[in-house]
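Below: the structure, in structure tokens.
As the structure lists them, so they are numbered: ligands from 1, and atoms in each ligand from 1. As the structure is a computational prediction, the values presented were derived from the model and not from experiment.
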Amino acid sequence: MNITADRLLLFGATGDLAQRMLLPSLCALDADGLLEPDLRVVGTARSEMTTAAYRDFARAALEKYLPENRRGGIAQFLDRLSYVPVDATTLGGYEVLAEEVGEYAKGLAIFLSTAPSLFEPTIDGLVHAGLTEGNVRIGLEKPLGTDLASSEEINDAVARAFSEDRIFRIDHYLGKETVQNLLALRFANLLFEPVWNATYIDHVQITVAETVGLESRIGYYDDSGALRDMVQNHMLQLLALVAMEPPTSFDSTAVRDEKVKVLRALRPVAKDETVTGQYRAGAVNGEAVPGYDEELGKDSETETFVALKAHVDNWRWKGVPFYMRTGKRLPERVTEIVVQFRCIPHSIFADRGATTRPNRLVIGIQPEENVQLSMMAKVPGLDREGIRLRQIPLDIAMPDAFSGTVRRIAYERLLLDLIGGDQTLFVRRDEVEAQWEWIDAIRTLWEEEVITPKSYGAGSWGPSAAIALAERDGVSWHDE
Ligand code: BG6
């Protein structure tokens, strides 16, 4: 049985993620009575600060990032917080940290959101101070390495102190309600599963489009690029959830066993199945924005856009392409999965002049949370000049279907599961490694074939080659 921890230790407590996501999530959970009364939260980072100063810092972040209607619990939440400055590379600091954490009668949950270079020293420090003993679990925020080898190194270091059942690798997409809803859609309905295969599905599209550019993450992003920043983790997790076999239960082992099989079945991408791009100056949402190189202040070969045609080599998905694309400075912020079904085998309406179009299921993940099934219907009329059919949507907007429920951000769910010890929505080591293996092969291909990013104007849907990648197969990206 998982025991809910009574201590939460946040590394990187003054960082961007802590300010924008972690502190607001914890505060919101607290206000809703979802944190145990005895949970204490200890923040740590390099900055010298007293607990009082940290509480002021946290208050400022909460007032900035929490919506006004969720600020009620700030004072109560701040009372749980304390802060200890630690230089993560010196062992001595961890003793002071252990003192502040004190006895954790039920358990300790650690959240590590620091630079990758600090992972190993932090683990050493935790071991040194006895903070890995007892019911201790650790959450790891990306980036967990930059390729398979560096990811293995980090995983090995963490494994020296924590068994896999105590390691919680975060992919915040798994904390999103609509991503979890994919599992409900597939496995809580009879309707889809019988047709969820190569016999009935023509192709799948996964799009994660962003309007933002580099933001303030110059160093990180230019070393990473879209493939490692978005495809390696979030997009492959989405693909795995779409393509996996039904697990026997909603249990961390059963779900992750099925996801990893998909990730291992990914066929290496061929030269003509990948397109990369980098944005130039343009306009997004009517606003002029500079090009990537201008934002960066130098020339760069880093891709801010990538489109891929992937294949899952197994019985279910033989011959079904999975088109994936993601990019910065695209015309709109949208994450969606499109499942394009095949044409009906025979149309009884053809003789009456009517054409039919194949069904399509669009699962909107953000900003719209909806499920839309396009179906053919007869246009009302007396049909004197033939039957007219038209494609119409069966449209379910999640917020309307579940009005009155609180919209939670991904980290609320993930922090609660980390504190409570449920690993289902966290990524297992074998999954991460299968993801890296596939991604590393793509990067090697780019190097060998000298595939460099093509320019695209900010505010467009990426380089024209990305459109051609799908159109060669008679497929159009779902841009409406
Ligand atoms: C992060 C990436 O993992 O996900 C960012 O590092 C990206 O580059 C972000 O902007 C997107 O997350 P979301 O939840 O806004 O879709």
Side-chain angles (χ1 to χ4, degrees), residues 12 15-22 24-25 28 65 67 111-116 139-147 151 168-182 206-241 276-279 284-285 289 292 295-296 300 302-306 324-337 363-370 398 407-415 425-427 431-432 435-436 439 453 458 462:
D16 192 53
L17 186 74
Q19 293 180 62
R20 283 189 308 115
M21 296 289 170
L22 306 181
S25 297
Y65 293 110
F111 191 108
L112 216 54
S113 154
T114 49
L140 306 174
E141 181 59 62
K142 71 175 260 226
L144 290 180
T146 53
D147 56 12
S151 147
F168 291 62
R169 291 180 199 79
I170 289 151
D171 183 317
H172 80 276
Y173 267 55
L174 296 181
K176 292 181 191 272
E177 197 65 61
T178 27
V179 172
Q180 293 158 39
N181 200 30
L182 263 173
I206 303 176
T207 295
V208 182
E210 296 186 280
T211 52
V212 292
L214 244 186
E215 298 179 287
S216 55
R217 308 155 78 213
I218 293 187
Y220 158 75
Y221 194 85
D222 198 52
D223 285 344
S224 170
L227 183 71
R228 290 186 281 188
D229 185 48
M230 296 297 283
V231 184
Q232 186 273 337
N233 37 41
H234 312 320
M235 295 190 81
L236 284 184
Q237 283 292 321
L238 291 179
L239 183 147
L241 292 172
T276 64
Q278 190 188 85
Y279 62 83
V284 179
N285 293 334
V289 294
Y292 179 78
E295 272 185 74
L296 191 64
S300 161
T302 299
E303 80 287 355
T304 60
F305 175 95
V306 56
M324 302 201 270
R325 62 178 171 166
T326 184
K328 301 274 187 203
R329 292 284 192 227
L330 299 186
E332 55 181 300
R333 175 172 183 253
V334 58
T335 299
E336 68 175 18
I337 297 166
I363 304 163
I365 293 183
Q366 61 188 21
E368 303 314 330
E369 301 180 351
N370 58 358
M398 291 300 163
R407 275 172 63 108
R408 299 197 178 274
I409 56 173
Y411 281 95
E412 288 183 57
R413 172 64 192 252
L414 297 177
L415 280 162
L425 299 178
F426 294 84
V427 186
E431 291 180 79
V432 175
Q435 291 172 179
W436 275 123
I439 293 294

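- Atoms of ligand 1 found under 4.0 Å from any heavy atom of Lys142, numbered from 1 in the order shown, are 1 (C), 2 (C), 3 (O), 6 (O).
- Checking side-chain atoms of Thr211 against main-chain N and O of Arg333 turns up no donor-acceptor pair under 3.5 Å.
- Here the side chain of Gln180 pairs a donor or acceptor atom with the backbone of Gly175 at under 3.5 angstrom.
- Between the side chains of Thr335 and Gln366, at least one donor N or O sits under 3.5 Å from an acceptor N or O.
- The N/O atoms of Arg217, backbone and side chain alike, include one that comes under 3.5 Å of an N/O atom in ligand 1.
- Protein heavy atom closest to atom 12 (O) of ligand 1, with residue, atom name and distance, is His172 NE2, 3.2 Å.
- The salt bridge (Lys or Arg N to Asp or Glu O under 4.0 Å) analysis of residues 223-236, with sequence neighbours excluded, yields the pairs Lys142-Asp229, Arg217-Asp229.
- Residue Lys176 places at least one N or O, backbone or side chain, under 3.5 Å from an N or O of ligand 1.
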Go through the steps for Glu210 and Met230 under the test side-chain contact (heavy atoms from CB on, under 4.5 Å), then give the verdict. CA-CA 11 Å; Glu210 296 186 280; Met230 296 297 283; 4.2 Å; yes
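- Residues satisfying the side chain to side chain contact (heavy atoms under 4.5 Å, CB included) test with Glu141, not counting sequence neighbours, are Leu17, Phe111, Ser113, Ile170, Tyr411.
- Contacts of Arg333 with ligand 1, taken as heavy-atom pairs under 4.0 Å, involve the side chain alone.
- Distance from atom 10 (O) of ligand 1 to its nearest protein heavy atom, with residue and atom name: Glu210 OE2, 2.5 Å.
- Comparing Asp229, Leu214, Thr326 against atom 8 (O) of ligand 1, the shortest heavy-atom distance belongs to Asp229.
- Near Met230, the atoms of ligand 1 lying under 4.0 angstrom from a non-hydrogen atom of the residue are 2 (C), 4 (O), 7 (C).
- Listed here is the closest heavy atom pair of Gly12 and Ala18: O-CB, 3.5 Å.
- When the shell of 6.0 Å around CD of Glu177 is examined, it contains 12 or fewer heavy atoms from other residues, nucleotides or ligands.
- Within the 4.0 Å heavy-atom shell around ligand 1 one finds Tyr173.
- Annotation for ligand 1: atoms under 4.0 Å from non-hydrogen atoms of Lys328 are 5 (C), 7 (C), 8 (O), 10 (O).
- Contact atoms of ligand 1 toward His234: 1 (C), 3 (O), 4 (O) (distance under 4.0 Å to a heavy atom of the residue).
- Between Gln366 and ligand 1, a contact under 3.5 Å exists for at least one N or O pair.
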